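One-based numbering, in listed order, for ligands and for the atoms of each. Since the structure is predicted, the reported quantities are computational estimates derived from the model, not experimental observations.
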Amino acid sequence: MVSLLVLNGPNLNLLGVREPDVYGRETLEDIMTHLGKVAAELGCAITHRQSNHEGDLIDAIHAARGVHDGLIINPGAFTHYCYALRDAIAAVNLPTIEVHLSNIHAREPFRHLSVIAPVALGQIVGLGASGYEWALRALVRHLQNSR
Ligand code: DQA
């Protein structure tokens, strides 16, 4: 069975109350509950972790080696400057899809750069909470096709 790790970075624990005009009104729990249902439909297992701490996210990525087949990550603001997170993803070499609820390319200039994108299989931005579902479906398809 395909097993995926879903990681959410800083401030995403506040989804639902945090800038709802930008990030929507669904909580992280709502989004992950829905994702769990889609995963069950697709016959894959997901493990979810949210952390506000760079090192926790890096440790979780390292621990995914040999345990999970792929990674879905919304790195929050770490996206824009955290080379250590990028290096962790490159190090474990797991197919990774980067997700952003908002369209980072249409926002402030500092959000236009993702240091994660060059080591990701793909990036889904601007589709709100459904971006996680599209990432899941795309990653499962990718893993099935590469078997
Ligand atoms: C975000 C976009 C980032 O720029 C921001 O710092 C976030 C959320 C998104 O999902 O749209 O925390 O990753």
Within ligand 1, which atoms have a heavy atom of Ser102 less than 4.0 Å away?
2 (C), 9 (C), 11 (O)

Relative to the heavy atoms of His80, which atoms of ligand 1 are at a distance of less than 4.0 Å?
3 (C), 4 (O)

Looking at Ser3, is its backbone amide N or carbonyl O close enough to the side chain of Asp69 to form a donor-acceptor pair, meaning the two atoms are under 3.5 Å apart?
yes

Using modelled atom types and a 3.5 Å cut-off, is there a donor and acceptor pairing between side-chain atoms of Asp87 and backbone atoms of Ala84?
no

Measure the distances from the heavy atoms of Ile104 to every atom of ligand 1 and state whether one is below 4.0 angstrom.
yes

Assess Tyr23 for proximity to ligand 1: is some non-hydrogen atom of it under 4.0 Å away?
yes

Test your reading of the structure: does Asn74 have an N or O sitting under 3.5 Å from an N or O of ligand 1?
yes

Is there a polar contact between ligand 1 and Leu101, counting only N or O atoms under 3.5 Å apart?
yes

Would you say Tyr23 ends up clustered with Ile72 if hydrophobic residues are merged whenever their side chains have heavy atoms under 4.5 Å apart, either directly or through other cluster members?
yes

Is there a chain of hydrophobic side chains (I, L, V, M, F, W, Y, each step under 4.5 Å between heavy atoms) that links Leu143 to Val99?
yes

When distances are taken from atom 5 (C) of ligand 1, the protein heavy atom at minimum range is Arg111 NH1, 3.3 Å

Among all protein non-hydrogen atoms, which one is nearest to atom 1 (C) of ligand 1, and what is the separation to 0.1 Å?
His100 ND1, 3.7 Å

Hey, mind stepping through Lys37 and Glu41 against salt bridge (Lys or Arg N to Asp or Glu O under 4.0 Å) and telling me if it holds?
CA-CA 6 Å; Lys37 288 181 189 159; Glu41 269 170 35; over 6 Å; no

Check the angle between the aromatic planes of His100 and His80 and answer parallel, tilted or perpendicular using the 30° and 60° thresholds.
parallel

From the options Leu101, Ile124, Ile97, select the one residue that forms a side chain to side chain contact (heavy atoms under 4.5 Å, CB included) with Tyr132.
Leu101

Select one of side chain, backbone, both or neither to describe which atoms of Arg18 lie under 4.0 Å from any atom of ligand 1, heavy atoms only.
side chain

